[in-house]
Amino acid sequence: MEKKRVADCKNVIDEMKSILMSKGYRLPGQLTSQELVLFEVVMVLKGVDLKPDFCKRVLRTTLNKMTREERLEKKKTREQYRRNKIDAACSHLEEFLIMNNLNKPFGSKLTRLQVLQLVRDHLKVLPDINSHAPSSPPLKHSVAGILASCKSSTPPSVIDMPLYKPVEADGLANLKYEQYSQLFAAIYSSLIFENPSFIVSNASEEGEMIDILG
């Protein structure tokens, strides 16, 4: 009976993991164990982060340097630490169910499996983040994003930024020079277009070439 209960709880937690990922609440890399799945469920439902409460790590020791008794004791310690995390998460989830009157199907006294099943059912009715998220525009602070935003504007045609070849150096060997030259030209044109005072009025007659990349 105990093995069946453990297996049933594991299956429900796996379902929670699938729901969180399919609805866009969490990524697979955030749900690598049963306790982490439950921690993330608590975070989604209650806004409580349990990770700081369990920041202690049970250090792994090379097994061939340990006696059999030491290995058994270390395994027991890690397993108890894992159970403590699961117990803490389930306590928060049970509290959430009772506070929101979601425990009615089973009454006030809930078993571990019943808590997990009710929470899983509640996760199923949460809104799908993926279906409501608008298509993401190019990142504003990426090279492609800045160039794309600048192309949509119409800066004065009199501004002509030549492409200056930088001094060759080992550190610049792999630099995408053409792309960054376009980036700086686009930024410069945008600044002049929006704020003409950006140009320094008292510049020397000969002018001064500044190597931005350098």
Side-chain angles (χ1 to χ4, degrees), residues 1-139 142:
M1 290 296 294
E2 177 63 18
K3 287 184 177 180
K4 184 180 184 306
R5 185 190 69 82
V6 172
D8 289 341
C9 289
K10 180 180 181 300
N11 291 336
V12 177
I13 294 175
D14 288 340
E15 290 183 60
M16 291 181 183
K17 176 180 177 179
S18 298
I19 294 170
L20 289 176
M21 291 190 299
S22 64
K23 288 181 176 289
Y25 286 94
R26 292 296 184 271
L27 298 174
Q30 299 173 289
L31 307 170
T32 55
S33 65
Q34 291 185 39
E35 53 268 32
L36 285 180
V37 172
L38 293 176
F39 277 16
E40 295 302 331
V41 172
V42 171
M43 187 65 183
V44 169
L45 297 182
K46 294 189 65 180
V48 176
D49 187 4
L50 294 177
K51 292 178 184 177
D53 296 338
F54 293 92
C55 57
K56 175 184 174 182
R57 292 180 177 271
V58 180
L59 299 178
R60 296 181 178 276
T61 308
T62 306
L63 295 180
N64 56 15
K65 294 183 180 180
M66 300 174 64
T67 64
R68 181 175 181 275
E69 290 75 16
E70 289 174 334
R71 287 198 298 270
L72 291 175
E73 186 63 27
K74 181 64 65 176
K75 182 179 179 181
K76 180 180 178 182
T77 301
R78 285 199 294 262
E79 178 61 22
Q80 185 59 51
Y81 187 63
R82 188 185 73 86
R83 289 182 179 180
N84 290 344
K85 291 192 285 186
I86 293 177
D87 290 342
C90 288
S91 295
H92 277 273
L93 294 176
E94 183 175 6
E95 180 182 291
F96 171 81
L97 293 172
I98 294 174
M99 289 179 60
N100 292 276
N101 295 321
L102 299 174
N103 59 315
K104 292 180 180 179
F106 298 109
S108 58
K109 293 185 178 181
L110 301 174
T111 65
R112 174 66 54 82
L113 180 58
Q114 290 171 342
V115 169
L116 296 176
Q117 289 172 335
L118 289 172
V119 171
R120 174 205 57 195
D121 294 341
H122 184 69
L123 289 176
K124 289 180 179 180
V125 302
L126 292 180
D128 192 333
I129 294 179
N130 291 327
S131 63
H132 294 86
S135 57
S136 300
L139 293 177
S142 67

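Taking the side chain as every heavy atom from C-beta outward, R112 and I86 approach each other to under 4.5 Å. Side-chain contact check for V44 versus L126: some heavy-atom pair is nearer than 4.5 Å. A heavy-atom distance below 4.5 Å is not found between the side chains of L72 and E69. Here the side chains of P127 and Y25 are in contact, with some heavy-atom distance below 4.5 Å. H122 places a side-chain heavy atom less than 4.5 Å from the side chain of L45. L31 has its side chain out of reach of L36: every pair of non-hydrogen atoms, C-beta onward, lies at least 4.5 Å apart. Looking only at side-chain heavy atoms (C-beta outward), Q30 and V37 stay at 4.5 Å or farther from each other.
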Check step by step if side chain to side chain contact (heavy atoms under 4.5 Å, CB included) holds for H92 and V48.
CA-CA 9 Å; H92 277 273; V48 176; 4.0 Å; yes
Derivation and outcome, side chain to side chain contact (heavy atoms under 4.5 Å, CB included), residues L118 and L116
CA-CA 6 Å; L118 289 172; L116 296 176; over 6 Å; no
Before you tell me yes or no, could you show the steps for K46 and E95 under salt bridge (Lys or Arg N to Asp or Glu O under 4.0 Å), namely the whole-Å CA-CA distance, both residues' side-chain angles and the distance that decides it to 0.1 Å?
CA-CA 10 Å; K46 294 189 65 180; E95 180 182 291; 2.7 Å; yes
For salt bridge (Lys or Arg N to Asp or Glu O under 4.0 Å), just list the numbers for E40 and K51, CA-CA rounded to whole Å, side-chain angles, deciding distance to a tenth of an Å, and then say yes or no.
CA-CA 9 Å; E40 295 302 331; K51 292 178 184 177; 2.9 Å; yes
Run the salt bridge (Lys or Arg N to Asp or Glu O under 4.0 Å) check on D53 and K85 step by step: do they pass?
CA-CA 9 Å; D53 296 338; K85 291 192 285 186; over 6 Å; no
Going through the checks in order, is the side chain to side chain contact (heavy atoms under 4.5 Å, CB included) test met by M43 and R26?
CA-CA 11 Å; M43 187 65 183; R26 292 296 184 271; 3.4 Å; yes
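Taking every heavy atom of both residues into account, V115 and C90 meet most closely at CG1-O, 4.1 Å. Across all their heavy atoms, K109 and Q114 have their closest contact at O-OE1, 3.8 Å.
In this structure, the separation between CG on L20 and CZ on R120 is 13.0 Å, given to the nearest 0.5 Å. A distance of 10.5 Å separates CG in L110 from CG in L102, rounded to the nearest 0.5 Å. T111 OG1 to E94 CD: the interatomic distance, rounded to the nearest 0.5 Å, is 9.0 Å. M16 contributes atom CE, which lies 9.0 Å from atom CD of Q117 (distance to the nearest 0.5 angstrom).
Under the 30°/60° scheme for interplanar angles, the aromatic rings of F54 and Y81 are found to stand perpendicular.
The environment of K10 atom NZ is sparse: at most 12 non-hydrogen atoms of other residues, nucleotides or ligands sit within 6.0 angstrom.
Of the listed residues (R83, K76, K75), just one forms a salt bridge (Lys or Arg N to Asp or Glu O under 4.0 Å) with E79, and that residue is R83.
In this structure, S18 contributes its side chain and D14 its backbone to a donor-acceptor pair below 3.5 Å. The main-chain N or O of I19 is found under 3.5 Å from a side-chain atom of S22 such that the two form a donor-acceptor pair.
Side-chain contact, Q80 with N84: a donor N or O sits under 3.5 Å from an acceptor N or O.
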